[in-house]
Amino acid sequence: GLAAAFRADRGIAQHPAVLFADAMDGGRLSAGWNQGQMVGAQVVPTGDEPGLPDGRRQSLQVKLPKGENLGLDLRYDFLPQRRTEPEEVYLRYYLRVSPAWVNSPDSGKLPGFGGTYGRAGWGGRGWDGRQGWSARGAFVRPPGPEHPAHRRLPLASYVYHSESAASYGDTLPWGGSKGAAFLEADRWYCVEQHIKLNTPGRPDGVLRAWVDGKPVFERRDLRLRDTPALRIENIWMNV
């Protein structure tokens, strides 16, 4: 995509198609974020590490406190920032997990997209095509020793849509060739996601994902909304 024209991401924020970008310059998050719950998150220095664009000096470190389940709830809300909400968006971020994560005893959420409006499609508030939806990223429990991807963290999408269970969303695993959606510890990856909302009431919504440029997931049959009033409310950085 357009990122190919911006070596190491330099100047990418100036492209007219880029709605928002944050390199955390100066050791802080951009003012564009609606800073919600930063429970275990802080901006930390990052050296020249494989997998990161050259010159990237900051990253957002997220820790889950032992016994807790929330590390980050950070959102970029389109309406207050851009005076409109889109119906199609691409999201790209870089991710590195520590060895503790590849031994996770449970699954959880990662960054993605939200259109809950605080009413439906999150936290056990079941999907409602006229009230809200969401399509966050996710990680799932790492496979056991018998699996070739043992000690790697599998990625997925966690989606509240028309086929979800009564109260909670669906976990949709990412696949891809050669285990591209299984992350090794202590290595940076480029994670990209694309969403295009469905025609209201029709199952034609698109959700796609790439890891390091390799396609790992695609659905073109999602029904996320039944009204044009529901759009993409925010980029949801959730851990």
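In this text the structure is predicted, and so the values were computed from the model without any measurement. Positions are given from 1, in the same order as the sequence printed here. No hydrogens, no waters, no symmetry mates; every other heavy atom, side chains included, goes into these values.
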Donor-acceptor pair, distance only, cut-off 3.5 Å: does the side chain of [X] make one with the backbone of [Y]?
{"X": "Glu233", "Y": "Gly114", "result": "no"}
{"X": "Asp186", "Y": "Ser98", "result": "no"}
{"X": "Thr227", "Y": "Ala229", "result": "yes"}
{"X": "Arg119", "Y": "Gly132", "result": "no"}
{"X": "Ser104", "Y": "Trp101", "result": "no"}
{"X": "Tyr160", "Y": "Gly124", "result": "yes"}
{"X": "Arg82", "Y": "Leu19", "result": "yes"}
{"X": "Ser30", "Y": "Gly32", "result": "yes"}
{"X": "Ser134", "Y": "Gly121", "result": "yes"}
{"X": "Arg96", "Y": "Ala185", "result": "no"}

**Report entry** Salt bridge flag under 4.0 Å for residues Arg56 and Asp54
**Finding:**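 The answer is no: the pair does not qualify as a salt bridge.
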Query raised in the report: Can Asp212 and Arg187 be counted as an ion pair, charged N to O under 4.0 angstrom?
Result: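 So Asp212 pairs with Arg187 through a salt bridge.
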Requested in this report: Could you check Phe182 against Leu155 for side chain to side chain contact (heavy atoms under 4.5 Å, CB included), going step by step and ending with a plain yes or no?
Outcome: CA-CA 6 Å; Phe182 292 82; Leu155 298 188; over 6 Å; no
Query raised in the report: Which atom names give the shortest non-hydrogen contact between Pro154 and Pro143, and what distance separates them?
Result: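 Heavy atoms only, the tightest pair is CG-CD, 3.8 Å.
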Answer yes or no: is there a side-chain heavy-atom contact under 4.5 Å between [X] and [Y]?
{"X": "Glu184", "Y": "Tyr189", "value": "yes"}
{"X": "Leu172", "Y": "Arg219", "value": "yes"}
{"X": "Glu85", "Y": "Leu79", "value": "yes"}
{"X": "His194", "Y": "Phe113", "value": "no"}
{"X": "Leu29", "Y": "Val43", "value": "yes"}
{"X": "Arg92", "Y": "Cys190", "value": "yes"}
{"X": "Tyr94", "Y": "Ser59", "value": "no"}
{"X": "Leu207", "Y": "Glu218", "value": "no"}

Query raised in the report: After noting the C-alpha distance and the side-chain angles of Asn34 and Asp77, does the key distance pass the side-chain hydrogen bond (donor to acceptor under 3.5 Å, both in side chains) rule?
Result: CA-CA 7 Å; Asn34 173 15; Asp77 294 321; 3.1 Å; yes
Output the distance between atom [atom1] ([X]) and atom [atom2] ([Y]), rounded to the nearest 0.5 Å.
{"X": "Trp133", "Y": "Trp122", "atom1": "CH2", "atom2": "CH2", "answer": "15.5 Å"}
{"X": "Leu222", "Y": "Arg225", "atom1": "CG", "atom2": "CZ", "answer": "12.5 Å"}
{"X": "Ile232", "Y": "Glu87", "atom1": "CD1", "atom2": "CD", "answer": "7.5 Å"}
{"X": "Leu74", "Y": "Asn238", "atom1": "CG", "atom2": "CG", "answer": "9.5 Å"}

Report task. Quick one: do His161 and Asp170 satisfy side chain to side chain contact (heavy atoms under 4.5 Å, CB included)? Show the steps, please. Result -> CA-CA 8 Å; His161 63 124; Asp170 285 343; 3.0 Å; yes
Query - Val191 and Trp210: CA distance, side-chain angles, deciding distance, side chain to side chain contact (heavy atoms under 4.5 Å, CB included) verdict - result: CA-CA 6 Å; Val191 180; Trp210 300 259; over 6 Å; no
Report task. Assess whether side chain to side chain contact (heavy atoms under 4.5 Å, CB included) is satisfied between Leu60 and Gln42, documenting all intermediate values. Result -> CA-CA 6 Å; Leu60 183 64; Gln42 61 178 334; 5.7 Å; no
**Report entry** Aromatic ring proximity, centroids under 6.0 angstrom, Tyr76 and Trp236
**Finding:**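 That pair fails the under 6.0 Å test.
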